[in-house]
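The structure under discussion appears below in the form of C-alpha cells.
Convention: sequence-line order gives letters A, B, ...; per-chain numbering from 1. The figures here come from the full heavy-atom set of this structure, side chains too, leaving out hydrogens, waters and symmetry mates.
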Protein chains: 2
Amino acid sequence: MKIGELSEKSGLSRDTIRLYEKNGLISSSASQSETNNYRDYSDDVLLQLQFVSSAREAGISIADLRELMEAFFDSCDPSQAENVIVAKTTELKERIVQIENVIAFLDEALVKVREALGDD
Amino acid sequence: MKIGELSEKSGLSRDTIRLYEKNGLISSSASQSETNNYRDYSDDVLLQLQFVSSAREAGISIADLRELMEAFFDSCDPSQAENVIVAKTTELKERIVQIENVIAFLDEALVKVREALGDD
DNA sequence: CCAAACCATGGACCGTGGTCTATTGTTTTG
DNA sequence: CAAAACAATAGACCACGGTCCATGGTTTGG
C-alpha cells in the first residue's frame, strides 16, 4: 500500500511515518511502477506501526524502538535479538516500578488532602 | 540552604534546579543577607526535588508535575487538589497498562526468538 | 484533458527538557 | 588581601520527536 493508506490505517501522519522509516523503525520497497518513486508498504508494516505507536505512547524512545525492530526483523543472530528484548523488558519493568512509586506518593498525598477536606 | 548544597544533596545540577524553579516545581526565598541576591531553599524543597526527580525518570512531564506541585502546596482548594491528583493517578495507571502491553508483545517475540534458537 | 489529490524530498520550524558559557557580583578560605 | 569557589542572569546551544511548507513530479476522477 502507499503511504496515504498506511497513514489512514495506522492513524499516524505521513510525516511521522517517513520519520520512523528514516529512523529504521519500518522499511518499504520501491513501487512496481517505473515512472514514479513511490514507496510500497506491506501489511506487516501496518502491524509494526501499531506496535511502534503504542510503544511511543508508553514513552519508549525511537532509538530504543529501532534497536527492538532491528532485533526482530533484521537480526541474523537470534541470541542477540534475545539480549535486546530481555534488556528492554527489564528496563520497562523498572519504569513501571518508578511509576508505581509516584502513584504511591500521590496516594499518600490524597489521604492528606482528604483529611483536609474532612476538617472543614 | 543554597543552591550548591541542594544540588549536591538532590543529585540535580544547579541549572536543572533553576529550570524547575522557573517552571514552578519548587520555590525559594531570598537569603537573609542584604548584600547578595542568593536564593534560600528549605529542607522541604529537597524532598520535593527527590519526588520530582523520580517522577521525571518515570516520564512525567514538567507541566504535569507543576500541576501536581501546585495542587499540593499552593492550592487553597483541597478538593481541586484532589481532582488533580486523582486525574494524574489515573493517567499513570493507564501508562502502566500501555507499558505492560509492550512487555507482553516483547514476551511473545521472545518466545519466537527462543524457538529460532532451539531450531539450531 | 485538466484539476484535484497524491507522493517524495529537503529544510524550516516548534515545544520540551536540559546543558554550557559569559558576565557580574558575593562569599569563603588560605 | 587575594584567589578560589559560589551565586544569579541571560542567552546560546543541544537532542528529541514531530509538524509544516515549498517544490516538483505522478496519478486519479470527473
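- Heavy atoms only, all atoms of each residue included: B:S28 and B:Y41 are closest at CB-CE2, 3.4 Å.
- A salt bridge links A:D64 to A:K88: one of the charged nitrogens lies within less than 4.0 Å of a carboxylate oxygen.
- Taking CZ of A:F72 as the reference point, atom CG of B:L106 lies at 5.0 Å (rounded to 0.5 Å).
- When the side-chain nitrogen and oxygen atoms of A:Y20 are compared with OP1 and OP2 of D:dG18, one or more of them lie within a distance under 4.0 Å.
- For A:E8, the CD atom sits in a loose shell: 12 or fewer heavy atoms of surrounding residues, nucleotides or ligands are nearer than 6.0 Å.
- In this structure, A:E21 places its CD atom 16 Å from C1' of D:dG18, rounding to the nearest Å.
- Listed candidates were D:dT28, D:dG17, C:dT27. Nearest to the side chain of B:S33 is C:dT27.
- Of all the residues in residues 52-69 of chain B, not one reaches under 4.0 Å from DNA chain D with any non-hydrogen atom.
- OP1 or OP2 of D:dT19 sits under 4.0 Å from a side-chain N or O of A:S13.
- Rounded to the nearest 0.5 Å, atoms CZ (A:R56) and OG1 (A:T16) are 10.0 Å apart.
- At the heavy-atom level, B:L19 lies under 4.0 Å from base atoms of the strands shown.
- Residue A:I17 contributes atom CD1, which lies 14 Å from atom C1' of C:dA8 at whole-angstrom precision.
- For the pair B:A55 and A:V102, the tightest heavy-atom approach, listed with the atom from each and the gap, is CA-CG2, 3.7 Å.
- Straight-line distance from the CG atom of B:L12 to the P atom of C:dG17: 14 Å, rounded to whole Å.
- Counting to the nearest Å, the C1' atom of C:dC6 and the CG atom of A:L6 are 15 Å from each other.
- Side chains of A:I17 and A:S7 form a contact here, defined as non-hydrogen atoms less than 4.5 Å apart.
- The shortest heavy-atom contact between A:D40 and A:M1 is OD1-N, 3.1 Å.
- More than 12 heavy atoms of other residues, nucleotides or ligands shown are found within 6.0 angstrom of CG on B:D77.
- The nearest pair of heavy atoms linking B:V45 to B:S27 is CG2-O, 3.4 Å.
- Pairing each heavy atom of A:P78 with each of B:V113, the nearest pair is O-CG1, 3.1 Å.
- Taking atom NZ of B:K22 as the reference point, atom C1' of D:dT9 lies 10 Å away to the nearest angstrom.
- Contacts of A:D15 with the nucleic acid, taken as non-hydrogen atoms under 4.0 Å apart, include base atoms.
- Atom CG of B:N37 is separated from atom P of D:dA10 by 11 Å (rounded to the nearest Å).
- OP1 or OP2 of C:dA8 has not a single side-chain nitrogen or oxygen of A:R39 nearer than 4.0 Å.
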Could you go over nucleotides 23-25 of chain D and give all protein N or O partners under 3.5 Å, atom names and distances?
{"unit_1": "D:dG25", "atom_1": "N2", "unit_2": "A:Y38", "atom_2": "OH", "d": "3.1"}

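- Straight-line distance from the CD1 atom of B:I3 to the P atom of C:dT26: 18 Å, rounded to whole Å.
- For the pair A:E34 CD and D:dT27 P, the computed distance is 11 Å after rounding to whole Å.
- Neither OP1 nor OP2 of C:dA8 sits under 4.0 Å from any side-chain N or O of A:N36.
- B:K9 has a carboxylate O that lies under 4.0 Å from a charged side-chain N of B:E5, or vice versa, which qualifies the two as a salt bridge.
- Neither OP1 nor OP2 of C:dT9 sits under 4.0 Å from any side-chain N or O of A:R18.
- Five base pairs at each end of the helix from C:dC1-D:dG30 to C:dG30-D:dC1 define two local axes, and these are offset by 0° (rounded to 10°).
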